[in-house]
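Small disclaimer: the values here were computed from a predicted structure and weren't measured. Throughout, protein chains are lettered first and strands after them, A, B, ... in sequence-line order, and every chain is numbered starting at 1.
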2 protein chains.
Amino acid sequence: MLSSARITKAALKLVSHHGYKGLTMAALAKSLNVAPSALYNHVSSKQDVLLLVEDHLMGRVEVCAFATEPWDAAVAKWARSYRDVFAAHLPLIPVIALLPVTNAPATVTMYEAVTQGFLAAGWARESIIDAVVALESFIYGSAYDVNAPEDIFDVGSLASEAPDFSAAVAHRGNPDAAAAIPRNDADAAFTLGLQAMIAGLAATAGPRK
Amino acid sequence: MLSSARITKAALKLVSHHGYKGLTMAALAKSLNVAPSALYNHVSSKQDVLLLVEDHLMGRVEVCAFATEPWDAAVAKWARSYRDVFAAHLPLIPVIALLPVTNAPATVTMYEAVTQGFLAAGWARESIIDAVVALESFIYGSAYDVNAPEDIFDVGSLASEAPDFSAAVAHRGNPDAAAAIPRNDADAAFTLGLQAMIAGLAATAGPRK
DNA sequence: ACCTGAACACCGTTCAAGT
DNA sequence: ACCTGAACACCGTTCAAGT
């Protein structure tokens, strides 16, 4: 017998082995030894399957730090794990960003823990959601950046028309152009942006001192 | 005769009238009075078409403020126009975020103007790209948020399990639950996050005072 | 209530054949 | 060099028919 739980599990397995291009209704059905049409007795569309997977993954986002660490450290830990989880599941980002959280229990649980962390740190109720949404926007974009190719800023033959940009790309993270210390560009940008936003949010919308 | 310019223009027209679901190779060919296979003499794939459209739209992102206004005001204006342009073209975000800028002249031009703005404000060459990438990550995520439905945080029947989150959602932007002043939630979160990140970046990675 | 099998209405892409 | 027409290998989804 089919069930939401079995469908979710099979979908995750399929994705981990063949990526999201391998997650088709036909392949999903086959991995469950069932006809494709049988799936539609348990989900109403492929979007529904993606929502199931999304909600499952949301349970892997670490919120425990909100109970033990100071607000800024907790936000940083939460944001980093959130980014890491969905960097491996980019096609879900439009799903999270655009679909209501109704019927996504793990997602709601995650938000509840985050909200409590903000409240415990002294944030006003009315400012929390805007701050969380701002952080999430940054997290989603950063998840894409994790998957960007190393040569994404290669200007190629257009270098002469963009000398300053080309130089900035060549010297990224290092004042010395030649010295190529191994460096994770995506992590550097994420850490920089995250620290900036956390500090900025605390100053602008955080609790009164 | 077909050309990249005509294909780009036809694709944009198709998208503006029927959205990205209406942008198929067949529809694009039809709008150009040509067989679908003819397109492949000018582009190598649909991704190629999307890249053409993306680069065209990048020309609509406002960078002029970098030449006239102080750094933080210029960044704010650039970021807002960047978000507004691609909020109407969500399917292009993976394209921008993951594809090299080679052969995307308008995109390179945009980055050159931004880089010059940072340099003029006294930023060190090696910090600029990380800062721009962090800002872009936030911009891409915020473009999604513009398209989020109003009820995206409706917990539905799960309200009892997430009381603090539910309350934060109900009071979002307003200490008074009942008073429903018309409010653009996406704009509020974007403005908050943008101000936070601009202030934070200036403090962390900006020019020495 | 749940599943099968066949069909439908699409996709993007290829390729021999023409001009 | 550029285009046509037909075909290919897929998609997600529907629905009558079975149990």
Side-chain angles (χ1 to χ4, degrees), chain A residues 1-56 89-100 103-104, chain B residues 1-56 89-100 103-104:
Chain A
M1 251 280 276
L2 244 36
S3 70
S4 293
R6 289 189 62 216
I7 291 172
T8 308
K9 199 174 173 184
L12 273 162
K13 188 170 190 175
L14 222 45
V15 167
S16 77
H17 287 183
H18 307 101
Y20 275 86
K21 70 161 185 18
L23 180 56
T24 66
M25 295 302 270
L28 186 55
K30 188 163 198 177
S31 80
L32 289 160
N33 287 112
V34 106
S37 51
L39 294 170
Y40 291 86
N41 287 307
H42 300 87
V43 295
S44 63
S45 65
K46 187 179 178 178
Q47 277 268 329
D48 236 46
V49 175
L50 294 178
L51 186 63
L52 286 173
V53 174
E54 183 255 289
D55 193 50
H56 176 95
H89 297 270
L90 290 192
L92 296 183
I93 287 177
V95 177
I96 326 172
L98 299 176
L99 249 57
N103 306 111
Chain B
M1 251 280 276
L2 243 35
S3 70
S4 293
R6 287 190 63 218
I7 291 173
T8 307
K9 198 173 172 183
L12 273 163
K13 188 169 190 176
L14 222 44
V15 167
S16 78
H17 287 182
H18 306 101
Y20 276 87
K21 71 163 186 14
L23 179 56
T24 67
M25 296 302 270
L28 186 55
K30 188 162 197 179
S31 79
L32 289 159
N33 287 112
V34 105
S37 51
L39 295 170
Y40 291 86
N41 288 307
H42 300 87
V43 295
S44 63
S45 64
K46 188 179 176 178
Q47 276 269 329
D48 237 45
V49 176
L50 295 179
L51 185 64
L52 287 172
V53 174
E54 182 256 290
D55 194 51
H56 176 94
H89 297 270
L90 289 193
L92 296 183
I93 287 178
V95 177
I96 326 172
L98 299 176
L99 250 56
N103 306 111

K.L.:
For a stem of at least 3 consecutive Watson-Crick or G-U pairs with distances under 3.5 Å, i pairing with j, i+1 with j-1 and so on, which stems involve DNA chain C?
P.N.:
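Stems (3+ consecutive pairs) listed as C:4-8 with D:12-16, C:12-16 with D:4-8.
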
K.L.:
For atom NZ of A/Lys9, is the number of surrounding heavy atoms from other residues, nucleotides or ligands below 6.0 Å larger than 12?
P.N.:
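Not more than 12 within 6.0 Å, no.
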
K.L.:
Run the side-chain contact (heavy atoms from CB on, under 4.5 Å) test on B/Asp55 and B/Thr8 for me, step by step, so that the C-alpha distance in whole Å, both residues' side-chain angles and the decisive distance to 0.1 Å come before the verdict.
P.N.:
CA-CA 10 Å; B/Asp55 194 51; B/Thr8 307; over 6 Å; no

K.L.:
Hey, does B/Ser37 reach any base, or is it just sugar-phosphate, or nothing, if we go heavy atoms under 4.0 Å?
P.N.:
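It contacts base atoms.
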
K.L.:
Is A/Leu39 close to A/Val49 at the side-chain level, that is, under 4.5 Å between some pair of heavy atoms?
P.N.:
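Heavy-atom side-chain distance check fails, nothing below 4.5 Å.
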
K.L.:
Chain B on DNA chain D: first and last contacting nucleotide, 5' to 3', under 4.0 Å to a heavy atom?
P.N.:
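For DNA chain D, the relevant span reads D/dC2 to D/dG5.
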
K.L.:
Given side chains that start at C-beta, do those of B/Leu99 and B/Glu54 come closer than 4.5 Å, heavy atoms only?
P.N.:
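In short, these two side chains do not touch, never coming nearer than 4.5 Å.
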
K.L.:
Please name the residue in the list B/Leu50, B/Leu2, B/Leu51, B/Leu52 that meets the side-chain contact (heavy atoms from CB on, under 4.5 Å) test with B/Val43.
P.N.:
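With B/Val43 as partner, side-chain contact (heavy atoms from CB on, under 4.5 Å) holds for just one option, B/Leu52.
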
K.L.:
Using a 4.5 Å cut-off on heavy atoms from C-beta on, say whether the side chain of A/Leu98 contacts that of B/Leu90.
P.N.:
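Side-chain contact under 4.5 Å: yes.
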
K.L.:
Distance-only check: which donor-acceptor pairs under 3.5 Å involve side-chain atoms of residues 12-28 of chain A, not counting sequence neighbours?
P.N.:
residue	atom	partner	partner atom	Å
A/Ser16	OG	A/Lys13	O	2.9
A/Tyr20	OH	A/His89	ND1	2.7
A/Lys21	NZ	A/His18	O	3.1
A/Thr24	OG1	A/Ala27	N	3.0

